[in-house]
Chemist: 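Pasting a structure here, questions to come.
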Amino acid sequence: MTTISRLARRFKLSRSALLYYDRIGLLRPSSRSPSNYRLYTEADRQRLEAICRYRQIGLSLKTIGRILNASREGAGTALRQRLRDIEDQIEALRRQQEGIRRLLGQASPDDMAQGLTREKWTALLRASGMTDADMLQWHVGFERLFPNDHQLFLESLGIPPDDIDAIRTFSQTRKS
């Protein structure tokens, strides 16, 4: 058995947060000491650990309560809904990002590569006099200097994910 203060410290929460969890029925102490202090068991600690884990992924306390009092299927439903919400938020942020780029007069990666394919890019590099070895070296430099941009560039060419992984792995293992 542990006290509310110790449990709060262990999870880096305020004592008042645990009092609130008690008030709303999310985490009630298993018993009380003779001095009427709240006492928590190992099962209570595990429940708080689950609460914290669900809070970290952005679930509301109401949803967490439903999950903890429901079956595993209920948790799966809530988690799938949270994932959909996050995906919607990411899409909204991408639209905002594109709006900001337009306001700044910057082209997006999609605008720059529209219609450009792997084959067209390779033909352009060959026409500029690059050999296969030169192109490989180009990837090595791109990966070393700008790995995230390299990934985005390869994706914009419509290259399959497995091929992208192979190109990037090769580029990471070579020295420029």
Side-chain angles (χ1 to χ4, degrees), residues 1-104 106-111 113 143-156 158-169 171-173:
M1 301 287 261
T2 189
T3 64
I4 192 170
S5 297
R6 284 187 178 155
L7 190 63
R9 264 194 314 273
R10 183 171 184 180
F11 285 89
K12 296 181 176 131
L13 296 170
S14 67
R15 186 177 173 279
S16 60
L18 294 184
L19 291 173
Y20 180 69
Y21 291 175
D22 183 8
R23 193 167 53 251
I24 65 172
L26 190 59
L27 179 69
R28 298 209 186 268
S30 290
S31 63
R32 299 245 181 190
S33 73
S35 304
N36 207 28
Y37 288 114
R38 290 168 174 81
L39 296 174
Y40 297 88
T41 63
E42 175 61 20
D44 297 330
R45 186 204 61 77
Q46 290 174 359
R47 184 175 175 98
L48 181 56
E49 188 175 346
I51 292 167
C52 291
R53 191 171 42 248
Y54 288 133
R55 289 295 293 149
Q56 286 176 338
I57 63 168
L59 294 179
S60 70
L61 294 177
K62 185 177 181 180
T63 301
I64 293 169
R66 283 197 312 265
I67 288 173
L68 294 176
N69 296 326
S71 65
R72 277 192 165 264
E73 290 173 12
T77 300
L79 293 173
R80 281 188 293 280
Q81 180 59 51
R82 178 66 183 139
L83 187 57
R84 281 190 297 274
D85 292 346
I86 290 170
E87 289 166 351
D88 290 345
Q89 290 170 352
I90 289 169
E91 183 56 37
L93 288 170
R94 282 194 179 119
R95 285 192 303 272
Q96 290 175 19
Q97 181 184 43
E98 288 306 310
I100 292 169
R101 279 192 174 121
R102 280 192 301 277
L103 290 171
L104 293 172
Q106 295 178 353
S108 73
D110 291 339
D111 294 339
E143 183 67 28
R144 184 177 50 80
L145 294 171
F146 310 107
N148 293 334
D149 294 325
H150 191 212
Q151 174 76 28
L152 292 172
F153 176 75
L154 295 170
E155 289 172 0
S156 76
I159 298 174
D162 289 345
D163 290 355
I164 291 174
D165 290 343
I167 292 167
R168 293 192 69 206
T169 299
S171 299
Q172 292 163 359
T173 60

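Note that this is a predicted model, so its numbers are computed, not measured. Residues take their numbers from the sequence shown, with the count starting at 1.
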Chemist: Start with the C-alpha distance between E42 and T2, add both sets of side-chain angles, then the distance that settles side chain to side chain contact (heavy atoms under 4.5 Å, CB included), and finish with yes or no.
Modeler: CA-CA 9 Å; E42 175 61 20; T2 189; over 6 Å; no
Chemist: Grab the two heavy atoms, one from I67 and one from L59, that are nearest each other, plus how far apart they are.
Modeler: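 Of all heavy-atom pairs spanning I67 and L59, the closest is CD1-CD1, 3.6 Å.
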Chemist: Any side-chain to backbone donor/acceptor pair from S35 onto Y37? Under 3.5 Å, distance only.
Modeler: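 Here the side-chain-to-backbone pair does not exist.
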Chemist: Please check if any side-chain donor atom of S5 sits under 3.5 Å from a side-chain acceptor atom of T3, or the reverse.
Modeler: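 No pair is found: no donor N or O on one side chain lies under 3.5 Å from an acceptor on the other.
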Chemist: Drop me the distance from D165's CG to L154's CG, to the nearest 0.5 angstrom.
Modeler: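 D165 CG to L154 CG: 10.0 Å, rounded to 0.5 Å.
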Chemist: Is R47 reaching over with its side chain to a backbone N or O of L26, donor-acceptor style, under 3.5 angstrom?
Modeler: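 Side chain of R47 to backbone of L26, a donor-acceptor pair under 3.5 Å: yes, one is there.
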Chemist: Report yes or no: does R168 contribute a side-chain atom to a donor-acceptor pair with the main-chain N or O of P147 at less than 3.5 Å?
Modeler: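 Present.
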Chemist: Test side chain to side chain contact (heavy atoms under 4.5 Å, CB included) on R45 and Y40 and set out the steps.
Modeler: CA-CA 7 Å; R45 186 204 61 77; Y40 297 88; over 6 Å; no
Chemist: What's the spacing between S30 OG and M1 CE if we round to 0.5 Å?
Modeler: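 It is 6.0 Å, given to the nearest 0.5 Å.
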Chemist: Roughly how far apart are D85 CG and R80 CZ, rounded to 0.5 Å?
Modeler: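 Atom-to-atom, D85:CG and R80:CZ are 13.5 Å apart.
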Chemist: Measuring from I86:CD1 to R82:CZ, what's the distance to the nearest 0.5 Å?
Modeler: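 Here the rounded value is 4.0 Å.
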Chemist: Please report the C-alpha distance between R53 and Q56 in whole Å, then the side-chain angles of each, then the deciding distance to 0.1 Å, and finally whether the side-chain hydrogen bond (donor to acceptor under 3.5 Å, both in side chains) criterion is met.
Modeler: CA-CA 5 Å; R53 191 171 42 248; Q56 286 176 338; over 6 Å; no
Chemist: Out of L18, L39, L13, which residue meets the side chain to side chain contact (heavy atoms under 4.5 Å, CB included) rule with L7?
Modeler: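 Between L7 and the candidates, side chain to side chain contact (heavy atoms under 4.5 Å, CB included) is satisfied uniquely by L18.
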Chemist: Is the CZ atom of R6 crowded by more than 12 outside heavy atoms at less than 6.0 Å?
Modeler: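 It does not: R6 CZ has 12 such atoms or fewer within range.
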Chemist: Taking side chain as C-beta onward, heavy atoms only, is Q46 less than 4.5 Å from T41?
Modeler: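 Q46 does not reach T41 side chain to side chain.
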Chemist: Show your reasoning for whether side chain to side chain contact (heavy atoms under 4.5 Å, CB included) applies to L48 and Y21.
Modeler: CA-CA 9 Å; L48 181 56; Y21 291 175; 4.0 Å; yes
Chemist: Please report the closest heavy-atom contact between S60 and T63, naming both atoms and the distance.
Modeler: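 S60 and T63 have their closest heavy atoms at OG-OG1, 2.9 Å.
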Chemist: Work out which heavy atom in H150 is nearest to a heavy atom in S171; give both atom names and the distance.
Modeler: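 So the minimum-distance heavy-atom pair works out to CE1-OG, 4.0 Å.
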Chemist: Starting at CZ of R84, measure out to CD of Q89 and round the result to the nearest 0.5 Å.
Modeler: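 One gets 13.5 Å once the value is rounded to the nearest 0.5 Å.
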Chemist: Between R102, R101, R94, which is the residue that forms a side-chain hydrogen bond (donor to acceptor under 3.5 Å, both in side chains) with E98?
Modeler: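 Checked R102, R101, R94 against E98; only one passes side-chain hydrogen bond (donor to acceptor under 3.5 Å, both in side chains): R101.
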Chemist: Going from CG on L68 to OH on Y54, what distance comes out if it is rounded to the nearest 0.5 angstrom?
Modeler: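 Going from CG on L68 over to OH on Y54, the span is 6.5 Å.
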Chemist: Using atom types as modelled and distance alone, determine if a side-chain donor or acceptor of D22 lies under 3.5 Å from a backbone N or O of L19.
Modeler: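 Pair absent, no side-chain N/O of D22 close to backbone of L19.
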Chemist: I'd like to know whether I57 forms a side chain to side chain contact (heavy atoms under 4.5 Å, CB included) with L79, so could you lay out the CA-CA distance, the side-chain angles of the two residues, the decisive distance to 0.1 Å, and finally the verdict.
Modeler: CA-CA 9 Å; I57 63 168; L79 293 173; 3.4 Å; yes
